[in-house]
Each structure stands twice: as C-alpha cells, then as structure tokens.
Amino acid sequence: MRIQRIKGTNDIFGEEIFYWRFVEETFRKVCESFGAEEMRTPIIEPTELFVRSVGEETDIVQKEMYTFVDRGGRSVTLRPEGTASLVRAFMENSLVNRGFPQRFYYVGPMFRYEKPQSGRLRQFHQIGYECIGSPSPRADFETILLLNTFLKEIGLARHRVYINSIGCPSCRPNYRNALKEYYSFRYEQLCEDCKKRYERNVLRLLDCKVDAELAKSAPKSVDFLCEECRRHYDELKEYLDSAGIPYVEDHTLVRGLDYYTRTVFEVRHEGLGAQNAIAGGGRYDGLFEDLGGPSIPALGFAGGIERIVLAMKEEGILPPKVNPHEVYVVVLGKEAFKVGVELAKKLRERGVNTEVEIMERNISAQLKNANRLGARFSIIIGESEITRSVVLLRDMASGEQFEAGIDLAVDRVVDALKTKSS
RNA sequence: GUGACCAUAGCUCAGCUGGUAGAGCGCCUGACUGUGGAUCAGGUGGUCGCGGGUUCGAAUCCCGCUGGUCACCCCA
C-alpha cells in the first residue's frame, strides 16, 4: 500500500484552497482594520505551557495532546490552541514595554488527538485574535464586534453569538457551591460521565447533552456574580445592544479551557451538525499570572477555518477565485517556444497569468488543454508567424482570432482582459 | 476512548441468494496531418483497503487490522 496521510489530517488544494484564502485574507484585513498586528509563534512548545494554561483537568490536556519526548529528553507538545503561545511570547519578548492595549492575531494549524468527524480533525486550523491589557468591558465588546465584523465580511448569516459570564476567582466559588448543592439532590439521575465531572469540575455539568434538561433549571452563574463582575457583564451587554449586535445569553455556556474569567462567548452555526461552534473565546484575566508573569487582563477568541468553510458552503457562499491560466501560449516548434517564453515574460510583467506549453504537443492538444484550463486567450506561435514577426491571438470564448505584432499582442490581451473582468 | 455505517478503475458508482470484474465521467489517439469546447470510433486503466478463515471456488460469507464517514465525549 502506498503511504497515506495521517488520520485526521487533510490535503487542501483545488477549489478548496480559494475558501481558505478568502477566510484567511478577510480575517487579516478585518484584524488590521481594528489595529491588530500579526504574531507567529512556534507550533511546538514545552508541554508545561499547556498544562499550566489550558488546565491539568481539561480534556485537552488529559487526553488530546500530541506530546512526545524529543531527542534531548524534553517533553514537547504540538500546540492544541493558540492563546497560551501568544501569552508566552508576549512575556518572553517583554512586549509589556510597548504599552496597552495591544491587539494581535494569528493564523495557523493546531493539533488535538481526537477521533475525527465532521468539523473535527487532528490537525485543524484556527484564526485567532487576542486583546491584551484592558480590563474594561469595552475590550470585550470590541473583540466581539471584531468577530462579528469578520463573519459579516465572510458573508455568513445563519450563525448566532452566545454569551455568558462565569465570574471571577472571588465569586465563582459561591456559584460552584450552589451548583454542587443543586446537583447533589439529583446525583443519581446523572450520566456516568457527569458523576465524574461532579467531583472534578461542576461547571462542566452544564454543557452535558445527556443531562441538558437538568442544566436548564440549574442555578445560573450570572445570579452569583460579584459586584464587579455584574457591572462588567451588564456594561458589555449595553455596548452590544447599542451597536446593534445580536446575541443570545446562554447560561449553560461554560468553556472547556480553565483560564477563562468573566466573559465567555461562542458563535454557533445552525447548518453544521454536531460540531457547530465556528468560533469561541473569552476573557482570561488570570492567565498571565498562571504562567508566572505579571497580572495583565486580556481576552480573545479563536475560530476554526474548517468549520467556517463548511458554514460558507452550507450557505452557498463562493469565494473569489484566481485563474492561473488567463493566457495559454501555444507553441509549435523550438523557435516558437523561444518566442513564446519572451512573450509570456512581457505578459507576466503586466500582471497577466500566463502558461507556456512545455509538453511539445500538437496544436490540437494544446488548444484542448488551454480550453480545459479556462484560458481566456490563446496565443498561437508557429513557423509561419515567426517568419512574419506576428502571433495569432485567439479568444477562447468566441473562437475569433487575428494576427498581431508581438508588442501589440501584449497590449491587446491586457486591454481585453481588463475590460472583460471589470 | 465507545458505537453505527462504509471501503470495487483517477472520480461517481453497479456487481441480486458465492462461479476469479462492469458502466458513466476523465485521460490518450483518430475522424479534423496548424486550431479547443459538440458528436462519433477506438484505446488506457483495478493483486475488488490489508491479513487470515470457511469453500472445489470469495469482490460477494465470517474474524481481525487499517482507513473513511457520522454520532457520543469535548471543542475550533
């Protein structure tokens, strides 16, 4: 058997690549329009980084990380998410000195050892954004606004923004106790997994699908918020309302990463199936300290490119495409090839994507190839053209063709492409 | 990690209750020896995912493995 790709990974090419480029380029554009700069961090990090940030008890750390020992005996991990790396990089490069706030975005592959299904792969790709330094709900608002703007630019319509507040270290213990009390009376009704969660992390009980009914009438985190958290949450909603950004309060929304404080949010798409969260994030005011740094408030989100692309397809959104074969240069013979190469060079300098025949085929096969590739024009160069210093210009759509001097041919093709495509 | 369904030509699939492979599309060639897209003719193409078992005989039945898909779990 031939070697095949690793389970849960994908080759991306052809039509698919245009969706990806559109998502990535739109994200870059939107982030930069909000004042964010790009950051690229290694995809491999010390295992410790994720254990301390994402949380020892989380599923990600417990069973989903690509962790191995390198040749130097160090435990390293393929990043399962982007925030930890960015925070690490922020501290390691002393970026505090640049003042606040600082907005960053990133694009790249993440790795989680899970069983693949629709919208879930072992190597998947995220676009992410982090806003560092502001404790204000205005930062939360702006971050959600940015995400919303991006999704709108992509063209998505059938998605919803869900928000919740899970409090801070001072008020969450109260809530946790209330939840424990609530579930202690219903312990026997819980599914096996939830019985374990009851001990480890009660908050997780809320997003269990088996016990969803119980979660509906469970105590809500928003009812246990301290004064500060309460004000923060209310103000965020005020800004969202004022800006006309639609959202739904979901009191069962708790995220699977331990570093979140106060605001958490998620965007779900209705056309997607089980894995319907296309983006998610929240505030992480304690993360810098958890990683041994100063206390710096921050928040951010990540979106899954694969899932966003699925959502686009679901809604019938087509990305812009690039035709790498606008012009096909048909050459008949060695001298014609030399002339064709020169002509192609001039066209490329004018920004026209041009392919020159290198298979030494007959004219019929070359035109057939040009047609298949979707060339708008073919330029035919044979011996009779060379002796008269002309080329044949063929419009592939109409089949019309005429002779032109080489320099004139370049101008005419460039003009024709310009008028047609605009 | 658990479960269900699936795995035949480059692609989409057929192959009924076991008798050692077929279609459409694609690709190549020709009709059209310097003209593509339509049509027609011909050609290329598969140790039927891998390994084992039952059988005179397995693509077809059974078991295992690998991979895919979907769901659980969790998340992007």
Side-chain angles (χ1 to χ4, degrees), chain A residues 1-10 14 23 54 57-64 79-83 107-129 147 191-194 196-197 201 204 206-211 253-257 264 266-269 272-281 300-311 328 330-333 336 357 359 361-386 392-401:
Chain A
M1 249 206 299
R2 275 184 298 191
I3 295 172
Q4 46 187 296
R5 61 175 181 263
I6 284 173
K7 183 175 184 155
T9 64
N10 259 148
V23 170
V54 175
E57 290 301 316
T58 59
D59 281 2
I60 291 177
V61 171
Q62 287 283 310
K63 53 186 190 188
E64 294 171 6
R79 63 179 184 197
E81 61 109 38
T83 302
V107 177
M110 305 293 163
F111 303 84
R112 291 183 202 173
Y113 194 88
E114 296 191 272
K115 192 147 180 189
Q117 73 188 65
S118 180
R120 199 175 66 185
L121 292 163
R122 289 187 174 179
Q123 179 181 336
F124 61 105
H125 299 77
Q126 287 188 333
I127 47 175
Y129 169 84
L147 175 55
C191 67
E192 286 310 306
D193 290 325
C194 282
K196 289 176 198 157
R197 291 190 194 110
N201 190 346
R204 291 278 157 60
L206 293 174
D207 59 6
C208 174
K209 286 169 190 170
V210 183
D211 299 318
L253 176 60
V254 287
R255 317 217 66 246
L257 292 83
V264 291
E266 204 167 278
V267 179
R268 298 177 203 140
H269 191 95
L272 242 47
Q275 311 305 320
N276 63 355
I278 58 175
F301 68 84
I305 298 180
E306 284 86 351
R307 290 185 190 178
I308 292 168
V309 169
L310 284 174
Y328 197 98
V330 172
V331 295
L332 303 163
E357 168 79 9
M359 294 292 285
R361 287 176 286 212
N362 63 34
I363 186 168
S364 185
Q366 290 190 48
L367 281 169
K368 189 172 184 172
N369 195 228
N371 184 60
R372 182 177 42 210
L373 294 174
R376 306 268 291 279
F377 285 95
S378 284
I379 295 176
I380 301 166
I381 309 171
E383 283 173 30
S384 67
E385 282 76 23
I386 290 173
L392 266 178
L393 213 58
R394 182 180 179 83
D395 182 317
M396 294 303 283
S398 65
E400 290 170 37
Q401 78 185 27

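Each chain gets a letter, A, B and so on, in the order its sequence line appears, and its residues count up from 1. Here the structure is a predicted model, which means the values were calculated and not measured.
Atom-to-atom, CD of A:E114 to P of B:A71 comes out at 13 Å; the value is rounded to the nearest Å. Rounded to an integer number of Å, the gap from A:E57 CD to B:C73 P is 19 Å. Atom-to-atom, OH of A:Y129 to P of B:A76 comes out at 18 Å; the value is rounded to the nearest Å. Look at CD on A:Q275: it is 9 Å from P on B:C73, rounded to the nearest Å. We find that CD of A:Q4 is positioned 12 Å from P of B:U66, with the value rounded to whole Å. Counting to the nearest Å, the P atom of B:C5 and the NZ atom of A:K115 are 13 Å from each other. Between A:R112 atom CZ and B:C73 atom P there is a gap of 16 Å when expressed in whole angstrom units.
Looking at heavy-atom distances under 4.0 Å, A:E81 makes no contact with the nucleic acid at all. A:A370 comes within contact range of no nucleotide atom at all, as no heavy-atom separation falls under 4.0 Å. At a threshold of 4.0 angstrom between heavy atoms, the contacts of A:G82 with the nucleic acid are absent. Within the nucleic acid shown, A:L121 comes within 4.0 Å of at least one base atom, counting heavy atoms only. Across all strands shown, A:G128 has no heavy atoms under 4.0 Å from either base or sugar-phosphate atoms.
Counting heavy atoms from C-beta on, the side chains of A:R307 and A:L272 come closer than 4.5 Å.
Between the side chains of A:Q366 and A:Y328, no donor-acceptor pair is found at a separation under 3.5 Å.
Remark: A:Q117 is in phosphate contact with B:A71, judged by side-chain N or O atoms under 4.0 Å from OP1 or OP2. For the OP1/OP2 pair of B:G67 and a distance below 4.0 Å, the side-chain nitrogens and oxygens of A:K7 include at least one atom meeting the criterion.
Judged by distance alone with a 3.5 Å cut-off, no donor-acceptor contact links the side chain of A:E266 to the base of B:A76. The base of B:A76 lies outside donor-acceptor range of the side chain of A:R120, with no N or O pair under 3.5 Å.
Ion pair A:R255/A:E266 flagged as a salt bridge, since at least one NZ, NE, NH1 or NH2 atom sits closer than 4.0 Å to an Asp/Glu carboxylate oxygen. Comment: A:R122 does not engage A:E114 in a salt bridge, judged by the lack of any side-chain N to carboxylate O separation of less than 4.0 angstrom.
Under the 6.0 Å distance and 45° angle rule, A:R79 does not count as a cation-pi partner of A:F111.
Stem list for RNA chain B (at least 3 consecutive Watson-Crick or G-U pairs, distances under 3.5 Å): B:1-7 with B:66-72, B:10-13 with B:22-25, B:27-31 with B:39-43, B:49-53 with B:61-65.
Between A:T9 and A:A279, the residue whose closest nucleotide on RNA chain B is further toward the 5' end is A:T9.
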Which parts of nucleotides 25-36 of chain B does protein reach within less than 4.0 Å, heavy atoms only, written one letter per nucleotide 5' to 3' as B for base, S for sugar-phosphate only and - for none? --SS-----BBB
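Rounding to the nearest 0.5 Å places OH of A:Y113 at 15.0 Å from CD of A:Q123.
A:E57 CD: more than 12 foreign heavy atoms inside a 6.0 Å radius.
Judged as a side chain to side chain contact (heavy atoms under 4.5 Å, CB included), and not counting sequence neighbours, the contacts of A:I305 are A:W20, A:V23, A:E24, A:V107, A:H125, A:I127, A:V309.
The two atoms that bring A:G119 and A:Q275 nearest to each other are O-CB, 4.1 Å, heavy atoms only.
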